[in-house]
Structures are given as structure tokens and as C-alpha cells.
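Let me begin by presenting the structure, written as C-alpha cells, before commenting on it.
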Amino acid sequence: MTNSDAPRVNLGPSDLAVSPLALGGNVFGWTADAEQSFAVLDAYAAAGGNFLDTADVYSAWAPGNSGGESETVIGDWLRSRGNREQIVVATKVGMLTGLDNLRPETIRRGAEASLRRLGVERIDLFYTHRDDPDVPVEEIVAALDELVREGKVREVAASNIGPERLAASLEFAEREGLAKYVAVQPHYNLVSRDTYEGPLADTVAAHGLSVVPYFALAAGFLTGKYRPGAVVDSARAQGAGRYLDDPRGPRVLAALDEVAAAHGVQPATVALAWLAAQPTVAAPLASARTVEQLPPLLAAASLRLTEDELKLLTAASD
């Protein structure tokens, strides 16, 4: 499949047409070195994928890293493949040490540093990585709008924001004729629904925005590889394994197993398909450290779950 005939969905009211699976860049320059990262990016693009998600803070937490490693890998890949026009690049500001606020000058500095590392003239989708309640939404929105007007950013979005501040941001932008958020990136998956469903989801729906959920596979738990007694070699094993302590975790795994067996697919494929079927969700976000991890993620775009299967999964996650 080529990018030209791959399925696409528009983000909110924008003309950003993206793949129904966003590829997370948090592993690039961390658990995936440059060679592995290029292989994953090549395989994703070859399958028709066009939506890359990164952040300036990826992966400052890794020993020897200072942030920006993922953006640098993606920038090197775009340059070496000559495919910038085919790829939608999303990055974020607001969590890297020294740039961990949303003051207007910080937003600008973060954007310009990301542009340099990515080696692009314009960021397609620029997120505030988390809300900063110390800064009025008017200042944040105005700073983002300036970047859009200057051509440095195409569209803006918000991650880790509450419904009140989101609504206030959208209403101010509408009133003043400034760039409005077109997407929201919340923590949302089958074992973490209250992090999105409710007032935040209602606000997103009321304003016609799209959602690109992160932790779509609950740090790997929803792949099904974390079972009682299983030992998993992963940098995120401890975080994912904790879901087994919640009665909901094993229930969800059992439901995933049942639906996956009926379709002859992996549990991860079913978990992403459930997420994609939820109101307002445009493209679940998942990462792959190796090429072998990609096919179950990509398969979610073509898996259509029945109403009964969706109800089974939803009930298991209640």
C-alpha cells in the first residue's frame, strides 16, 4: 500500500488527513536505536502510515539522554527518505526540563528547537504536552496562534488538559479569531476509561475535535503478553504488570482473547480497534520498538468489531 491510497481521517475541523493509527516516537533514541527506528519508520510508511507523534522531552528520562532524541531520529529519517510531504509530524512542548511550562516565550523556544531537530520548516500538529494552570489560557492560545500565523505550525492541539481549561481555550480562540485546538491527546484505553470519558469527552465532542489517545495499549498490557507468572523483557514491564492487580485487568484480557480468537488476530489489534470505535477517537497512538511489533498495530485499522464484541469489551472494562 502507498500513502496515496491508504485510509485517512481528518483531525477535527482541520485538513490534516492522518492514518487511523498514529505511530508513537517515544521509543526512538531510547529502546530503539537509530537503525531500529529507521526500520520501524520504513515499515510503517510502507504500510501506508503517515502520522508520527513525538515530543521534545522524548527521551530525556533515559540515561545519557537530554531530550530531543526522538525528534532528531525522525528528522534524520525524513531527510534520508525525502518524504517530508507525505508525513504528518506531531510534536509537543511543556514537559522538558527548562521548557516545562506554557509561558509564551517557552512555547516559542520549544517550537523553534523542535523545528531544528526535525529539520522541517513547519510542524504539522503542535501540542501543549500538559496544561499549565499558572498561565492564563489566553496567553497560551495567543502564543500558539502566533506560530501558526508565522507558518511555523500548521495546527495546534492539547494533551493532558481538563475540560474546563479546554473549553475556555476554545471559546477564547473562537471569540478572538485565533488558531483553535483541533485535537486532544488524553490517556485512554480499555483499562483506563475515566481518564477521558465523561466531561472531557463531552467537551471534545461538543466542539468537534478529534482524539488521539496515548497509552492506547496501557504500556503494553493490552498486547496480552503480561499474564500471571509471565516474565516480560521490556523497559515498561513494571508499569504494565500492575494492571494484573486490578480485577478489571484479567477480565479485559479474557474478553480480548475471546474476540481475538474469533477474528484470528492479536489482542493488541482488538484493543486498538475498540478504541478506534469510540466516539471522537480519530487515531489511537501506539509505538513499536521492532518491525515485528508493527503488524498487530496496523491491523487494527481494518478490523471491524461487531456491536456484541464492542459491548463485551466495554462491559469487561467497567
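Counting begins at 1 with the first residue of the sequence.
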Check: [X] side chain, [Y] main-chain N or O, donor-acceptor pair, under 3.5 Å:
X    : Y    : result
T269 : V265 : no
S37  : F28  : no
T106 : L102 : no
Q278 : A276 : no
D33  : Q36  : yes
S14  : L16  : yes
N65  : G29  : yes
N50  : V18  : no
R165 : D132 : yes
S70  : G25  : yes

Can you give me the closest heavy-atom contact between [X] and [Y], atom names plus distance?
X    : Y    : answer
A283 : A22  : CB-N, 4.1 Å
V89  : I123 : O-CG2, 3.9 Å
Y226 : A219 : OH-O, 4.0 Å
R304 : A301 : NH1-O, 3.0 Å
S19  : G48  : OG-O, 3.6 Å

*Check the angle between the aromatic planes of Y243 and F221 and answer parallel, tilted or perpendicular using the 30° and 60° thresholds.*
tilted
*Give me the ring orientation class for Y196 and Y188: parallel if the planes are under 30° apart, tilted from 30 to 60°, perpendicular past 60°.*
tilted
*Would a 4.5 Å heavy-atom cut-off, applied to side chains only, mark L217 and L272 as touching?*
yes
*asked:* Do L11 and E155 make a side-chain contact, defined as non-hydrogen atoms from C-beta onward lying under 4.5 Å apart?
replied: no
*So which residues get pulled into F172's cluster when ILVMFWY side chains under 4.5 Å apart are joined, directly or through others?*
V141, L178
*What residues, two or more places apart in sequence or in another chain, satisfy salt bridge (Lys or Arg N to Asp or Glu O under 4.0 Å) together with R108?*
E112, E146, E150
*Out of N160, T195, N26, which residue meets the side-chain hydrogen bond (donor to acceptor under 3.5 Å, both in side chains) rule with Y214?*
N160
Between [X] and [Y] (salt bridge meaning N to carboxylate O under 4.0 Å), is one present in this structure?
X    : Y    : result
D124 : R84  : yes
D56  : R109 : no
E139 : R103 : no
D145 : K180 : no
R227 : D257 : yes
D245 : R242 : no
D318 : R193 : yes

Between [X] and [Y], do the side chains contain an N or O donor and an N or O acceptor separated by less than 3.5 Å?
X    : Y    : value
D42  : W77  : yes
W274 : S317 : no
T54  : E71  : no
H263 : E309 : yes

*Please say whether more than 12 non-hydrogen atoms of neighbouring residues, nucleotides or ligands are located less than 6.0 Å from CD in Q266.*
no
_Counting only heavy atoms not in E85 (residues, nucleotides, ligands), do more than 12 fall under 6.0 Å from its CD?_
no
_With a 4.5 Å cut-off on side-chain heavy-atom distances among I, L, V, M, F, W and Y, is there a chain of contacts connecting I107 to V137?_
no
*Could you check L125, V211, L285, I161 and say which one makes a side chain to side chain contact (heavy atoms under 4.5 Å, CB included) with Q185?*
L285
*Does the pair L144 and Y181 meet the rule for a side-chain contact (heavy atoms from CB on, under 4.5 Å), with working shown?*
CA-CA 10 Å; L144 293 169; Y181 295 138; 3.6 Å; yes
